[in-house]
Amino acid sequence: MQKKFRLTRSEDFKRVRRIGRSYAHPLVVLVAQASNILERKGARVGVAAGKSVGNAIQRNRAKRLLREALRPHLASIVAAYDFVLIARPALASATLDETRDALLNLLRRAKILPTDES
RNA sequence: CAGGCUGGUUGGGCAAUCGCGGUUCUGCGUUGACGGAAUCGAGGAAAGUCCGCACUCCAUAGAGUACGACGUCGGAUAGCACCCGGGACGGGGAAACGCCGUAAGGCGUGAACCUGCCGGAAAAGGGCCACAGAAACAAACAGCCCCGCUCACGCGGGGUCAUGGUGAAAAGGUGGUGUAAGAGACCACCGGCGUUUACAGUAAUGUAAAUGGCCAGGUAACCCCCGUCGGGAGCAAGGCCAAGCAGGGGCGAAAUCGUCUGUGGACGAUGGGAGACUGCUCGUCUCCGCACGCGCUCUCCCUCUUGUGGGAUGAGCCAGCCCCGGGUAGGCUGCAUCGAGCAGCGCGGCGACGCGCUGCCCAGAGAGAUGAUUGCCCAGGCGCUUUGCGCUGGACAGAAUGCGGCUUAUAGACCAGCCUGAAGA
RNA sequence: GCCUCGAUAGUUCAACGGACAGAAUAAGGCACUCCUAAGGCUUAGAUGCAGGUUCGAUCCCUGCUCGGGGCA
């Protein structure tokens with residue numbers, strides 16, 4: 001995922017975590033906020049993994065899984081959204097397919113992706 | 001061949017597609033959060049942060065104290081406490097052998113090797129040594145012996161550590177001489193600690209001999225004493241740029257008319273000022289009670305001409321722009337190609353390591369890049385119809401200023417060597 | 001990145017280097033009560049792990065494993 005689609009500032013993370021809506025799944029938690037900057041299109045994503053996920057290897061693994069699972073669907077998100085994906089401990093031992101299912105489920109519940117798309 | 005042990009190397013390989021980060025080059029009717037090409041992209045521990053440095057800032061005349069670390073010998077190194085090679089004293093260690101045992105087994109000797117520790121208690125001082133025991137660093141409980149008193153039992157004084165019991169530890173052990181009884185008090189042999197000499201070794205130390213020297217404990221990973229070393233903090237160090245808010249300084253316009261209104265005031269016109277747009281003018285838009293004052297509004301206090309005057313270091317209001325210093329968010333740098341650098345070869349050294357030659361340039365993120373899929377192969381595991389096939393499947397673990405050492409985690413694979421036993425030539 | 005403190009019964013805390021490791025509470029049992037609670041009697045239960053110093057270690061030293069604070 002290219003840097004222009006990422007959340008990079010600590011301020012952005014704080015804002016999304018404070019006023020965004022959250023959607024939970026056993027593997028991952030999604031916090032989303034509709035962006036109010038008019039000119040920008042597409043989404044910006046931040047990926048986080050706390051210490052409860054495991055050691056540095058397992059945290060990196062969780063974040064890479066989430067990025068890889070999101071990558072094919074990033075282009076189909078048209079609305080301007082900022083969202084944060086927070087890994088949970090079970091994600092460190094999950095497969096890519098499980099991660100993708102969890103992620104699509106969450107994105108549809110948050111209405112970031114249309115529900116009829118498969 | 002079996003068993004035990006040590007050291008070193010490695011830490012899956014090749015290819016394809018998609019994706020991510022850096023560097024260099026490059027393209028453009030579109031200078032972009034743009035596109036293209038080339039190239040590079042985790043480790044032996046990147047980890048823990050236990051030591052030592054480089055580097056940076058602060059402090060600093062010199063020396064000392066406090067505090068802390070270290071302390072066998074020699075070497076290596078930029079430096080280091082844990083590196084390398086030795087030494088003393090302990091602990092562990094298989095087969096085999098010896099002894100005991102019917103046996104199971106136990107005890108002892110004990111290879112390679114592993115492992116702990118190392119100034120001083122014989123230079124000074126303080127503390128502690130529970131329980132037991134008479135006594136724990138100075139002492140007589142029982143016992144033995146002598147003297148005095150007593151008819152006697154016994155009492156008092158003294159000598160003694162040989163004997164007894166206690167304990168982790170009680171003036172080295174055995175035999176004798178000696179004595180009232182005893183005692184290294186003395187003698188012989190042995191043991192330990194020193195001193196001297198000779199030999200080996202750079203040295204620690206070892207071996208041997210001599211000694212008309214000693215044998216009153218332990219503990220310094222208790223305080224302490226002696227010697228050596230250490231200024232403090234850390235890349236979130238430090239340097240540069242610098243929104244916004246606040247602060248300081250400066251520029252800046254000294255007016256008329258009309259309408260409405262109880263006052264206060266509101267609106268409009270003309271002219272003016274400040275700023276923005278523009279290369280400039282014009283023009284358009286926004287702001288300004290066109291005052292920083294003898295100002296306006298509110299609050300409080302005093303007075304008394306009851307709505308006048310005075311006072312308050314009480315609150316509030318007054319366009320916009322420019323400059324200045326420190327500096328927050330943030331950005332750039334430190335910081336990624338010159339280094340205690342890496343690889344290969346040769347030489348010296350038992351080794352840590354050093355020297356020489358040749359070649360190479362080798363990650364650099366910043367919410368933090370190494371991922372996904374597929375195929376073939378190499379180890380490994382499981383199953384079977386065991387020349388083989390099928391299924392499965394990859395340890396510990398992720399750079400964050402950089403190095404050296406240590407510690408901890410780690411599936412396996414490969415190489416070299418040492419010791420013991422058995423068999424064979 | 002750095003600096004500190006700690007680890008003891010199920011829980012919260014004690015304990016000069018001297019073993020029967022203490023207290024409160026929780027747990028089990030016994031009586032009491034018509035039943036329960038409170039109160040009474042009683043029982044069991046622990047030094048994070050591995051080495052070392054010492055006659056002897058919860059305590060001293062070293063290395064690990066966890067956990068809590070603090071600075072910027």
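In the text below, chain A, chain B and the rest are named by the order of the sequence lines, each starting its count at 1.
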**OP:** Taking all non-hydrogen atoms of both residues into account, name the closest pair between A:Ala24 and A:Leu106 and its distance.
**Re:** O-CD2, 3.8 Å
Subject >> Minimum-distance pair of heavy atoms, taken over all atoms of A:Ala49 and A:Ala87 >> reply: CB-CB, 4.1 Å
Rounded distance (Å) that lies between atom [atom2] of [N] and atom [atom1] of [X]:
X: A:Leu70; N: B:A367; atom1: CG; atom2: P; answer: 19 Å
X: A:Arg100; N: B:G371; atom1: CZ; atom2: P; answer: 17 Å
X: A:Leu65; N: B:U370; atom1: CG; atom2: C1'; answer: 14 Å
X: A:Lys63; N: B:C20; atom1: NZ; atom2: P; answer: 18 Å
X: A:Asp82; N: B:A367; atom1: CG; atom2: P; answer: 15 Å
X: A:Phe83; N: B:A367; atom1: CZ; atom2: C1'; answer: 15 Å
X: A:Glu68; N: B:A369; atom1: CD; atom2: P; answer: 14 Å

Answer syn or anti for [N], where the cut-off is 90° from 0 on the glycosidic torsion.
N: B:C338; result: syn
N: B:G184; result: syn
N: B:C362; result: syn
N: B:G13; result: anti
N: B:A216; result: anti

Watson-Crick or G-U wobble mate for [N], both contacts under 3.5 Å:
N: B:C251; result: B:G320
N: B:U207; result: B:A198
N: B:U256; result: B:A269
N: B:G375; result: B:C14
N: B:C117; result: none
N: B:A312; result: B:U299
N: B:C285; result: B:G275
N: B:A124; result: none

Taking the [atom1] atom of each, how far is [N] from [M], in whole Å?
N: B:U205; M: B:A135; atom1: C1'; value: 42 Å
N: B:C187; M: B:A220; atom1: P; value: 37 Å
N: B:G320; M: B:C57; atom1: P; value: 45 Å
N: B:U166; M: C:A21; atom1: P; value: 26 Å
N: B:G11; M: B:G368; atom1: C1'; value: 27 Å
N: B:A236; M: C:C3; atom1: P; value: 16 Å
N: B:A33; M: B:U49; atom1: P; value: 43 Å
N: B:C141; M: B:G156; atom1: P; value: 11 Å

Subject >> B:G368 OP1/OP2 closer than 4.0 Å to side-chain N/O of A:Arg67 >> reply: yes
Original post:
Hey, is the side chain of A:Arg59 poking within less than 4.0 Å of OP1 or OP2 on B:G368, counting only N and O atoms?
Top reply: no
Table of protein N/O atoms under 3.5 Å from nucleotides 396-400 of chain B N/O atoms:
| residue | atom | partner | partner atom | Å |
| --- | --- | --- | --- | --- |
| B:G398 | OP2 | A:Ile57 | N | 3.3 |

Atom pairs and distances, side-chain donor-acceptor, residues 58-65 of chain A, under 3.5 Å, sequence neighbours left out:
| residue | atom | partner | partner atom | Å |
| --- | --- | --- | --- | --- |
| A:Gln58 | OE1 | A:Asn55 | N | 3.1 |
| A:Arg59 | NH1 | A:Gly54 | O | 3.0 |

Can you find a pair of side-chain heavy atoms, one from [X] and one from [Y], that are under 4.5 Å apart?
X: A:Val84; Y: A:Val29; answer: no
X: A:Arg88; Y: A:Val28; answer: no
X: A:Phe83; Y: A:Val31; answer: no
X: A:Asn105; Y: A:Tyr23; answer: no

Subject >> Most 5' of A:Ala48 and A:Leu96 on RNA chain B, judged by nearest nucleotide >> reply: A:Ala48
Subject >> Residues that A:Asp101 engages under side-chain contact (heavy atoms from CB on, under 4.5 Å), provided they are two or more places apart >> reply: none
Subject >> Partner set under side-chain contact (heavy atoms from CB on, under 4.5 Å) for A:Ala69, not counting sequence neighbours >> reply: A:Leu96, A:Thr99, A:Arg100, A:Leu103
Subject >> 5'-to-3' dot-bracket of RNA chain C (Watson-Crick, G-U; under 3.5 angstrom; crossing pairs as [ ]; | other strand) >> reply: (((((((..((((....[...)))).((((.........))))....(((((..]....)))))))))))).
Between the protein and nucleotides 392-395 of chain B, list every N/O to N/O distance that falls short of 3.5 Å.
none

